[in-house]
Enquirer: 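Below you will find the structure I want to go over with you.
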Amino acid sequence: MVEESIKSGKLKARLPRGLADRGPAEIAATRNLVERIRSVFERYGFEALETPAIEYSDALGKFLPDQDRPNEGVFSFKDDDEQWLSLRYDLTAPLARHVAENYRNLVLPYRSYRCGYVFRNEKPGPGRFRQFMQFDADTVGSASMAADAEMCMLAADTMEALGIPRGSYIVRVNNRKVLDGLLETVGLTGPEKEAQRLAVLRAMDKYDRLGLAGVRQLLGDGRKDESGDFTRGAGLPEADIRTITSIFEPVRDVDDRIAQIDLRLRESKVGQEGREEIATVSRLVRAAGYDSDRILIDPSVVRGLEYYTGPVYEVELTFEINDDKGRPVRFGSVGGGGRYDGLVARFTGQPVPATGFSIGVSRLAAALAHLGKIETGDARGPVVVTVFDRGRLADYQRMVQSLRGAGIRAELYLGNPKNIGNQLKYADRRKSPCVVIQGDDERARGEVTIKDLALGAELAGGAQERADYLKLQDEAQIAVKEAELVQAVRAVLERHGRR
RNA sequence: GCAGCUGUAGCUCAGUUGGUUAGAGCGCCUGACUGUGGAUCAGGAGGUCGGUGGUUCGAGUCCACCCAGCUGUACCA
């Protein structure tokens with residue numbers, strides 16, 4: 001690369017893949033999204049917390065001690081004292097670090113939220129980036145299922161606050177203890193079965209995408225996808241496959257679902273604990289008015305394989321979206337979370353129960369943009385004061401300052417002011433509401449011309465001849481005394497509605 | 001990582017069975033038309049055809065390898 005740039009004499013401007021620049025429209029949309037999420041989270045009583053983007057790799061739990069380096073999925077580098085540092089890949093591990101470090105000073109249960117970019121060094125895809133924004137809420141120091149129930153309700157409320165109608169999203173809830181009970185029931189216990197257990201959980205997690213048939217293949221010998229690639233299965237015997245997939249069988253309602261789990265996991269102590277927890281969460285959310293059209297018990301939810309210990313939840317958008325070529329796009333999960341009772345204990349040695357929920361802001365923003373729930377672009381630009389006579393820059397800049405002083409976004413034309421046409425073209429592209437012009441004629445009368453660009457475009461729309469066009473343009477502008485500049489500009493802005 | 005597909009101008013794409021100087025539309029720049037966005041008209045810039053080798057008298061076109069992108073899949077805290 002360096003060689004290449006020497007050869008050609010210039011550097012190729014390029015963005016690393018999986019990363020994106022953001023323009024004004026996207027920034028505004030994200031800010032708007034974040035503010036709405038924040039207002040819901042604050043209404044639930046969570047308080048703000050910010051932690052840095054960089055942590056010690058071991059604090060993130062992604063250090064591979066046997067290889068003396070961090071996991072490849074995280075961006076890592078060495079500090080000058082040879083200690084490994086990493087960019088955070090979620091907001092939960094840093095929170096656990098913060099809580100452990102400040103345990104004595106925090107009011108428990110500690111309820112906090114945070115928002116920020118996280119980084120993952122993995123293959124990007126549609127709606128998947130190597131830097132993306134998450135918005136998290138966590139309750140640390142409470143083992144109560146009420147804390148988990150609340151996370152589910154928070155998720156549902158947040159979706160609706162973002163304008164996603166009920167029925168277009170679903171919060172699906174499961175419990176890791178139920179899954180553990182299921183594994184126990186088919187005899188997958190003990191350390192030597194670890195790999196198989198993971199394979200089973202991964203297979204179950206794909207139920208929504210691959211359906212029953214796909215999951216059965218992955219639990220058994222394996223599955224070949226449409227590109228011809230083969231995925232090895234968990235290698236379970238048919239009887240065990242049937243036992244596991246029986247948990248997916250459709251049921252009429254929540255009570256049946258819980259009864260079904262009870263029946264399947266009759267022999268498993270941990271499974272029964274899980275059933276108990278699910279039933280409690282379910283009872284709490286229902287009492288608060290959240291029915292299964294919003295919060296649904298779904299035994300196929302798995303989430304991460306690393307640290308969840310109890311309830312797990314996932315928010316999914318359920319409407320179909322097409323991309324710009326008309327093909328359907330699946331956005332999948334836009335948020336999720338669960339209980340992680342062991343995470344803080346890694347630092348303190350004392351078990352600290354905790355549960356949290358995380359929203360993928362970037363993915364959600366992409367989905368909402370497709371839905372048309374986010375205004376993209378069309379933000380008004382500033383008022384442009386044109387330079388008619390380049391010897392009088394000081395006068396024009398004074399006009400700009402008087403507009404700015406009145407709280408109006410305004411700027412002096414800073415390009416080459418060789419003619420007025422270019423300056424109007426510039427203002428047009430900036431989506432300026434109006435321009436200010438003062439040539440010799442106006443100057444002699446102590447006036448300025450204010451041209452309403454939107455009105456001009458509207459009036460001149462049908463003109464064919466140049467002469468007609470110019471005449472119509474003339475009607476879109478007014479001359480006012482210099483002293484009335486601010487007032488007249490404000491009148492134009494009000495005519496078009498301020499933004 | 002694995003598999004399939006695709007790489008030609010800023011963008012979207014043509015480019016014949018291998019044949020002279022690689023094109024179009026849009027966009028961009030300059031100018032004309034009164035001191036005014038648009039339209040119109042007249043000009044213009046911009047490409048090592050992803051890269052490197054090979055086959056051939058001759059390669060955008062065929063072959064090999066590499067790189068990048070897309071899609072699926074695996075992994076995913």
Side-chain angles (χ1 to χ4, degrees), chain A residues 1 4 7-8 12-14 16-18 60-63 70-74 86 88-94 96 118-126 128 130 134 198-199 202-203 205-206 209-210 214 218 222-232 302-308 323-325 327 329-330 333 336-338 340 343 356 358 384 386-389 417-432 434-435 437-443 449 451-477:
Chain A
M1 200 41 58
E4 194 175 306
K7 207 159 71 177
S8 66
K12 187 176 182 190
R14 61 206 186 111
R17 65 159 192 236
L60 297 179
K62 284 291 152 182
F63 197 75
N71 187 301
E72 336 185 345
V74 300
S86 295
R88 63 186 175 193
Y89 56 82
D90 71 10
L91 297 176
T92 308
V118 302
F119 308 84
R120 295 185 187 181
N121 190 10
E122 54 190 29
K123 185 193 161 189
R128 282 188 85 162
R130 288 153 94 199
Q134 285 195 334
L198 290 177
R202 286 184 196 124
D205 195 35
K206 294 181 174 59
R209 197 152 46 84
L210 302 181
L218 286 174
R223 173 180 178 272
K224 192 180 264 188
D225 70 44
E226 53 238 61
S227 73
D229 194 22
F230 185 75
T231 307
R232 257 191 72 181
V302 177
R303 296 293 299 166
L305 304 170
E306 301 235 346
Y307 54 59
Y308 291 122
D323 68 7
D324 45 12
K325 286 182 177 139
R327 295 174 302 200
V329 184
R330 281 203 67 122
S333 165
Y340 49 98
L343 205 51
S358 172
V384 172
T386 58
V387 177
F388 194 94
D389 176 354
K418 62 187 162 189
N419 62 39
I420 247 355
N422 278 351
Q423 301 188 48
L424 283 169
K425 195 167 172 176
Y426 168 81
D428 187 41
R429 289 192 179 171
R430 288 294 309 271
K431 297 189 171 67
S432 301
C434 62
V435 297
I437 303 168
Q438 190 186 51
D440 301 337
D441 301 348
E442 291 92 344
R443 176 85 192 288
T449 292
K451 172 158 180 169
D452 183 331
L453 289 176
L455 183 59
E458 202 180 309
L459 287 177
Q464 299 290 321
E465 297 296 319
R466 180 77 177 164
D468 296 340
Y469 174 75
L470 291 174
K471 194 171 156 197
L472 288 167
Q473 285 300 313
D474 206 45
E475 289 175 24
Q477 57 193 42

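Just so you know, these numbers use all the heavy atoms, side chains as well, and skip hydrogens, waters and symmetry mates. Keep in mind that this is a model prediction, so the values were computed, not measured. Chain naming here is simple, since letters A, B, ... match the order of the sequence lines and numbering starts at 1 in each.
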Enquirer: Among the candidates G35(B), C33(B), U73(B), find the nucleotide nearest to the side-chain atoms of R466(A).
Expert: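 So the nucleotide nearest the side chain must be C33(B).
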Enquirer: Check this one for me: any side-chain N or O of K206(A) less than 4.0 Å away from OP1 or OP2 of C75(B)?
Expert: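 For K206(A), the contact criterion (side-chain N or O under 4.0 Å from OP1 or OP2 of C75(B)) is met.
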Enquirer: As a test of reading the structure: which of G35(B), U30(B), G37(B) is closest to the side chain of I437(A), going by heavy atoms?
Expert: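 Of the options given, the side chain of I437(A) lies nearest G35(B).
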Enquirer: In whole Å, what is the span from the CZ atom of F119(A) to the P atom of A77(B)?
Expert: 19 Å
Enquirer: Let's test your reading of the model: under 3.5 Å, does the base of G35(B) pair with the side chain of Q438(A) as donor and acceptor?
Expert: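 Under the 3.5 Å cut-off, the side chain and the base do not form any donor-acceptor pair.
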Enquirer: Using a 3.5 Å distance criterion without hydrogens, assess whether the side chain of Q423(A) forms a donor-acceptor pair with backbone atoms of V387(A).
Expert: yes
Enquirer: Can you name the side chain to side chain donor-acceptor pair (under 3.5 Å) partners of Y89(A), sequence neighbours left out?
Expert: none
Enquirer: Looking only at the side chain of T231(A) (C-beta and beyond, no hydrogens), which of the listed nucleotides C76(B), A74(B), U36(B) gets closest?
Expert: A74(B)
Enquirer: Do the side-chain N or O atoms of K123(A) get closer than 4.0 angstrom to the phosphate oxygens (OP1, OP2) of U73(B)?
Expert: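 For U73(B), neither OP1 nor OP2 has a side-chain N or O of K123(A) closer than 4.0 Å.
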Enquirer: Provide the full list of side chain to side chain donor-acceptor pair (under 3.5 Å) pairs with a residue in residues 452-469 of chain A, sequence neighbours left out, each pair given once.
Expert: D452(A)-R495(A), D452(A)-H496(A)
Enquirer: Can you figure out which of U71(B), A77(B), U36(B) approaches the side chain of L470(A) most closely?
Expert: U36(B)
Enquirer: Both distances under 3.5 Å, Watson-Crick or G-U wobble: report the partner of C28(B), or none.
Expert: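 Because both required distances fall under 3.5 Å, C28(B) counts as paired with G44(B).
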Enquirer: Do the side chain of R128(A) and the base of C76(B) come within less than 3.5 angstrom through a donor-acceptor pair of N or O atoms?
Expert: yes
Enquirer: Looking only at N and O atoms, is any donor in the side chain of Q423(A) or the base of U36(B) less than 3.5 Å from an acceptor on the other one?
Expert: no
Enquirer: Mapping D441(A) and K425(A) onto RNA chain B by nearest heavy atom, which one lands closer to the 5' end?
Expert: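 Nearer the 5' end of the strand: D441(A).
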Enquirer: Let's test this: given Watson-Crick or G-U wobble pairing with both distances under 3.5 Å, identify the partner of U56(B).
Expert: none
Enquirer: Please name the nucleotide paired to C5(B) by Watson-Crick or G-U wobble geometry with both distances under 3.5 Å, or report none.
Expert: G69(B)
Enquirer: Checking contacts here: which listed nucleotide (U36(B), G72(B), G38(B)) is nearest the side-chain heavy atoms of I420(A)?
Expert: U36(B)
Enquirer: Which of these nucleotides, G69(B), U36(B), U71(B), is closest to any side-chain atom of R17(A)?
Expert: G69(B)
Enquirer: Name the closest nucleotide to the Q473(A) side chain, picking from A77(B), U73(B), U36(B).
Expert: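 Nearest nucleotide to the side chain: U36(B).
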Enquirer: Check the phosphate of U36(B) against Y469(A), side-chain N and O only, distance under 4.0 Å to OP1 or OP2. Yes or no?
Expert: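 It does not, given that no N or O in the side chain of Y469(A) lies less than 4.0 Å from OP1 or OP2 of U36(B).
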